[in-house]
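Encoded as structure tokens, the structure appears first; notes follow it.
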Amino acid sequence: MSVSSLLAICSSEQRDDQVAKVDRYLQHLRLSDQTIMDVSLRFRREMDKGLCRDTNATAAVKMLPTFVLSTPDGTEQGEFLALDLGGSTFRVLLVKVSAGGKQEVEMENQIYAIPETLMRGSGSELFDHIADCLADFMEKLGIKDKKLPLGFTFSFPCQQTKLDEGHRGLEPIPSVIGREAEYSLDWSPVNYRADIQTTRHTHTYDQFRVTNSSNELWEEAGVPRENKQTPHRKAQTGIQSRNHLASILMSWTKAFKASGVEGKDVVSLLRKSIKKRGDFDVDILAVINDTVGTMMTCGFDDHLCEIGLIVGTGTNACYMEQMRNLELLDGDEGRMCVNTEWGAFGDDGALEDLRTDIDREIDAGSLNPGKQLFEKMISGMYMGEMVRLILVKMTKEKLLFQGKTTAQLLKTGRFSTSYIYTIDTDKDEEGLLSAEEVLRDLGLDPSVEDCIATQRVCQIVSTRAAHLCAASLVAVLRQIRDNKAAEKLRTTIGADGSVYKNHAEFSRRLHKMVNRLVPDCDVRFLTSPCGSGKGAAMVTAVAYRLAAQNAERQRILDTLHLSHEQLLEVKNRMSEAMVRGLSRQTHEQTSLKMLPSYVRSTPDGTEHGDYLALDLGGSSFRVLLVQLRSGKKHTVDMQQKIYTIPQETMQSTGEELFDHIVDCIADFLEYMGMRGASLPLGFTFSFPCHQSKLDQGILLKWTKGFKASGCEGKDVIMLLKDAVRRRREFDLNFVAVVNDTVGTMMTCSYEDPKCEVGLIVGTGTNACYMEEMQNIELVEGNHGRMCVNVEWGAFGDNGELDDFCTQFDHIVDESSNYPGKQRYEKMISGMYLGEIVRNVLIDYTAKGLLFKGKLSERLKTRGIFETKFLSQIERDRLAMRQVRSILQHLGLTSSTCDDSVLVKEVCSVVARRAAQLCGAGLAAVVEKIRENRNLNQLSVTVGVDGTLYKTHPHFSSIIQETLQELAPQCQVTFLKSEDGSGKGAALITAVACRIKNGGQI
């Protein structure tokens, strides 16, 4: 009776008994969840070793950089060639990606054979054959006269590198409206076909501009064809430069033995063969392996795809890794696809405790003993052989086939992995019938028990392979999740390979185990529909898109870059404006008012006594007691209290406002136990004032929401003293009106006597310095010095900065409360830098260069991108997380890692320009001091305050770098100020009292 007949009467008990027998026999192949998780942790450690510069050389898992820096975003467009080589046949493809409301992908391909004589002959003949086939394909399609970009899938172990470490990007590509072309060559082990096939895939995306790399279009765009190099960061390119792409073959596999290729650059060999023909040319933009091709193919259909998986004849995985973790390469921003080459996992003994005698027997009989041990436990090349060896071993132990083997069963490779696909199915009876058919084909006479046992062996072998594959995939998923610091990761895995595609139970078990091990990851598996040929084309398309987008972004950012010559010109114009501001004749016409502060000296350390300071600049204000003690170690002790000013008081009468201020001073004196004291006071009054002496300040105009009547045009010191007299509780024996920039200089001068310059870079910006009295024509007297308040925020109001202003500066200026005023400040200070960045991002997005062209409503809001974001984004190596968090706050929840890199770059460029402009202004100031004193070398200290200067990680160093370039004869030290408007105000008052008591005022 046949097995098929016996199946009908076979009891479930018989089946269970036979399954249990096999399970006991193969218990070493059945892995627990704990073991699988342990394998995952081991692989994660191997990944870390491969990524680390110090351990990569000895790592089994090499984690090879692919130089593919982005996945498709749906805006790719053009025609591209692809060449896919990986077996005894190869494919050439023309992939057309067109737009017009929808994005369509149309592919035409032809398969060519590679004679065995060429596979084992000379490398030059092999690549000549490839070039001949490529020429034939292009001839048939009538495209030999086009120079199209080409992606090359070369499915052999390669080391990709750069030939020129100084080159950072792809050639810039001019934007031209029209059709583009991209070639793709696909070498696949499939049957030879001489026909040309066409397939079509349609996806809906927004229309996107296309570009072309032909000579005519380069010239049409006005770009010279030679040496078109953009000195830009690696993170902005898609892959390596056309002239600097290299892929070194490490070793042939898959029966290839062509001489003179191992250790050589396959890109150069292909170019050489194409050049030898001389009748066509291509731009080879990408060399990838089939795993990367799979990820890119699926990435076109699902933009969340960031992992590629192959389980077929061999096995491998790739994924998008953070650049900061790739220690073998320079740069720490953005991502790059890493080819794990995980087939070699265990080659260093990491899996020795899990390998069985069957595994060792398979390895010993392979072409590369001791190598690719993980692959030999998983892939289709070995899975069928593992089943055969188990069946032979069980038969010899008389557990199967009544102990009788056959010549067919004993023949290596006779049990094809494809048999497992039909035996191990979710339909047991169909699987058992397939088992009977296969076993009889091997010359055996199986019983129903033999068929059940064979089916169970196939299930166990397949399950172990699926679970080992899942363990490694889980390590990759956890790496990506940790990189993103995501509580729950949502991602897609692009999968290909004969085992994954054809063995439904394998893929089901793989999916189930992955979901079980990482419940905090929402993982979708997407089967690659078109193999690695389309993937090579998509890599090329992405590189082409990124190059075009990068060129446009670079053009925009170039407007924000300042050359040394431009900065020198800013310095010279600032110097000229300073001289005009000091002159009585030109003072009214210049943008720099160079206001005398009537501070005639910096602290000398002899200042002593108790001083009050009043800091008024908004709806709250401070009253401070500053106690100065002179001696060998002069000290400063400060006590303060903050008071609020009600809205109704801010907008009532001047008398009510100053009465409220005096009430608060009285309360503070009471609080300090100093009721009725008579003290000098430094008054930091942060509103526009005209000063004719230190203890007088005429209010020109209220700002910041103040509207108290009867104050504008009046001396605020007199208003304050009148209120003190009305209260009759304490007295102020001297009051000095203080500017916060001068206060900053005075605070630092108390610590460093060489401090003669004050600088503030915060919400606003300003500078002051000690000028020679003979140069200050607005004040009588020619002896000594006086601190001049430059009020440099207004520099440029007379057009001095017009040729340095960008479209973004004009937008920010026009939308400000006082257009045309404070132009220099609007290019430097914290109040405006965030707005400049926001407008650049809006321009990027409108041009389709950012956020896939989709702008959030929040980003349209003026002031929403705060300047503090610039400091946060550039603060440390984990900035990409910070950027992502900020972008989500701005409503850009679907922003990508690439978007984060670009946003960080914009922040960096805008902040750098601001710091350079500030440095150029400061260079004019210190050079003025040096020239005043007729010194060859000046040594001076700058006291600095302001949140932008203090919190931005690079602002201060860029200022110093610029200053050194523009004022090389000045040795400048920077000293951060602490509380220039409080402590500084008291020190100004103390110096004034010292001079007054000495008869100098």
Side-chain angles (χ1 to χ4, degrees), residues 64-86 91 93-97 103 105-107 109 149-155 158 160 170 182-188 199 201 203 205 237-240 245 247 284-310 312 316-321 334-340 476 480 491-497 500 524-547 549 896-898:
L64 301 175
T66 66
F67 300 95
V68 172
L69 301 173
S70 181
T71 52
D73 71 354
T75 62
E76 290 75 21
Q77 183 167 324
E79 291 182 357
F80 307 86
L81 281 170
L83 172 61
D84 189 357
L85 171 63
R91 282 194 302 163
L93 302 91
L94 176 65
V95 180
K96 300 177 181 178
V97 185
Q103 188 173 57
V105 177
E106 186 177 314
M107 297 192 298
N109 73 90
L150 179 143
F152 188 6
T153 303
F154 190 70
S155 299
C158 284
Q160 282 191 261
L170 280 162
E182 165 181 14
Y183 289 98
S184 172
L185 294 171
D186 187 355
W187 300 21
S188 311
T199 56
H201 307 275
H203 307 273
Y205 296 110
T237 67
I239 54 169
Q240 289 210 30
L245 178 68
S247 192
I284 305 174
L285 289 183
V287 177
I288 62 169
N289 71 6
D290 51 355
T291 317
V292 179
T294 295
M295 182 188 74
M296 298 298 281
T297 297
C298 296
F300 181 78
D301 298 319
D302 184 339
H303 300 153
L304 291 176
C305 183
E306 52 190 338
I307 302 173
L309 170 67
I310 297 277
N316 195 17
C318 67
Y319 71 102
M320 296 302 292
E321 177 60 88
R335 301 191 299 171
M336 178 183 287
C337 180
V338 167
N339 169 21
T340 66
V476 172
I480 295 174
T491 192
T492 297
I493 298 172
D496 204 351
Y500 182 88
R524 179 193 181 203
F525 285 82
L526 180 62
T527 303
S528 175
C530 307
S532 53
K534 179 182 175 183
M538 292 316 303
V539 170
T540 311
V542 168
Y544 210 59
R545 164 179 62 80
L546 290 178
Q549 291 178 337
T896 65
C897 179
D898 291 339

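Reckoned from all heavy atoms, side chains included, excluding hydrogens, waters and symmetry mates.
Between the side chain of S528 and the backbone N or O of T297, no donor-acceptor pair lies under 3.5 Å. Using modelled atom types, one side-chain atom of T340 and one backbone atom of A317 make a donor-acceptor pair closer than 3.5 Å.
For D302 against R524, the heavy-atom pair with the smallest separation is OD2-NH1, 2.7 Å. In this structure, L69 and D898 approach most closely via the heavy-atom pair O-OD1, 3.7 Å. Here the closest heavy-atom approach between residue M320 and residue V68 is recorded as CE-O, 4.0 Å.
Between K96 and M107, the closest side-chain pair of non-hydrogen atoms is not below 4.5 Å. With contacts defined as side-chain heavy-atom distances shorter than 4.5 Å, the pair E306/Y319 does not qualify. Residues L150 and F152 meet the side-chain proximity criterion, which asks for heavy atoms closer than 4.5 Å. Inter-residue side-chain proximity for Q77 and R545 is flagged as unmet; no heavy-atom pair is nearer than 4.5 Å. Here the side chains of I307 and V476 are in contact, with some heavy-atom distance below 4.5 Å.
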Pair C305, M295 - check side-chain contact (heavy atoms from CB on, under 4.5 Å), show working. CA-CA 7 Å; C305 183; M295 182 188 74; 4.1 Å; yes
Going through the checks in order, is the side-chain hydrogen bond (donor to acceptor under 3.5 Å, both in side chains) test met by N339 and T66? CA-CA 6 Å; N339 169 21; T66 66; over 6 Å; no
Worked check of side-chain contact (heavy atoms from CB on, under 4.5 Å) between D496 and L309: CA-CA 6 Å; D496 204 351; L309 170 67; over 6 Å; no
Might you work through the side-chain contact (heavy atoms from CB on, under 4.5 Å) test for T153 and N289, ending with a clear yes or no? CA-CA 5 Å; T153 303; N289 71 6; 5.8 Å; no
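Of the inter-residue distances, the one linking I493 atom CD1 with C318 atom SG reads 10.5 Å to the nearest 0.5 angstrom.
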